[in-house]
Amino acid sequence: MTMPLPRVAVLASGRGSNLAALLDARERGELPVEFVLVGSDKASAGALRLAEAANIPTLALDPRSYPDRRAFDLDLFARISASGAEWLVLAGFMRILDGEALTPWVGRMINIHPSLLPKYRGLHTHRRALEAGDHEHGASVHFVTAELDGGPVIAQARLAIAAGDDEHQLAQRLLPLEHRLLPAVLGLLASQRLQWDGHAARFDGQLLQKPLALGDEGLRLAE
Ligand code: GAR
């Protein structure tokens, strides 16, 4: 008997290169999940075109047609639930979510953020890392909670900042790491090696003391 694949919805506001990485990983047989919905707050998002090309149902909701953030988020989450999704991945979804509306998804929703959280929550992360004179930058995947970019961090990819790097170069060099990080984390969730215990992330049953680290061979426990 074949087990049904874990069902995943993805939200993205932009070009969708992280979505593309998820779809590629699935195509290569490295990510045994079913993508049941790709949603966006922007009808023009490249991510929606990628989903259409992959025959994944899409959803575009315009925040301007709702009275407030909560109304938008409640409708968005209701539609995601109706898709049958068990997991929700924010892959470049550039909206702040209402803390109450997202509650039913806590532990089942992850976000990729382009910084080494807890550093640089919010926007302009590459610029802020450069302005701070950091020697290292990176990306994080975390469980989403009501605190913006503040939920428990699951895994990180690290990158040395080179002398003369500008914001654009740094973002460009980080992106391929994001494209490995996000599918790897989703794969661990789908296989249940990674679990949410109501407060924190557990990896193979053990409380995750530090984020997993992305290395050449994939994710591993950080030293
Ligand atoms: C990615 O760099 C992702 O880390 C970032 O948006 C980009 C989306 O690119 N996410 C955030 O900044 C969330 N706060 P993509 O559309 O090509 O995947």
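Both ligands and their constituent atoms are indexed starting at 1 by order of listing. Computation of the quantities below employed the complete heavy-atom set of this structure, encompassing side-chain atoms and omitting hydrogens, waters and symmetry-equivalent molecules. In what follows, residues are counted from 1 in the order of the sequence shown.
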Looking only at non-hydrogen atoms, which of A171, G92, A47, S40 approaches atom 8 (C) of ligand 1 most closely?
G92

Looking only at heavy atoms, which two atoms of E178 and A139 are closest? And how far apart?
CG-CB, 3.7 Å

How many angstroms lie between atom CD of Q156 and atom CD of E136, to the nearest 0.5 angstrom?
9.0 Å

Near H113, which atoms of ligand 1 are under 4.0 Å from a heavy atom of that residue?
14 (N)

Heteroatom distance test (E178, ligand 1): nitrogen or oxygen, under 3.5 angstrom:
yes

Closest non-hydrogen contact found for L37 with T58 is CD1-C, 4.1 Å

Top protein contact for atom 10 (N) of ligand 1, by heavy-atom distance:
I112 O, 3.6 Å

Applying ring-ring contact (aromatic ring centres under 6.0 Å, His included) as the test, list every pair that has at least one member in residues 176-212; sequence neighbours left out.
F143-W196

Ion pair check, R70 and D98, cut-off under 4.0 Å:
yes

Can you tell me how far the CG atom of L59 sits from the CG atom of L48, to the nearest 0.5 Å?
8.0 Å

Would you say the side chains of H113 and H142 form a donor-acceptor pair under 3.5 Å?
no

So for ligand 1, is N111 a polar contact partner (N or O within less than 3.5 Å, distance only)?
no

Specify the protein heavy atom at minimum distance from atom 5 (C) of ligand 1: its residue, its atom name, and the distance to 0.1 Å.
P114 CD, 3.8 Å

Is there a nitrogen or oxygen of G16 sitting under 3.5 Å from a nitrogen or oxygen of ligand 1?
yes

Could you tell me the residue and atom name of the protein heavy atom closest to atom 9 (O) of ligand 1, and the distance to it rounded to 0.1 Å?
R15 NH2, 3.4 Å

Nearest protein heavy-atom contact for atom 15 (P) of ligand 1: which residue, which atom, what distance?
S17 N, 3.4 Å

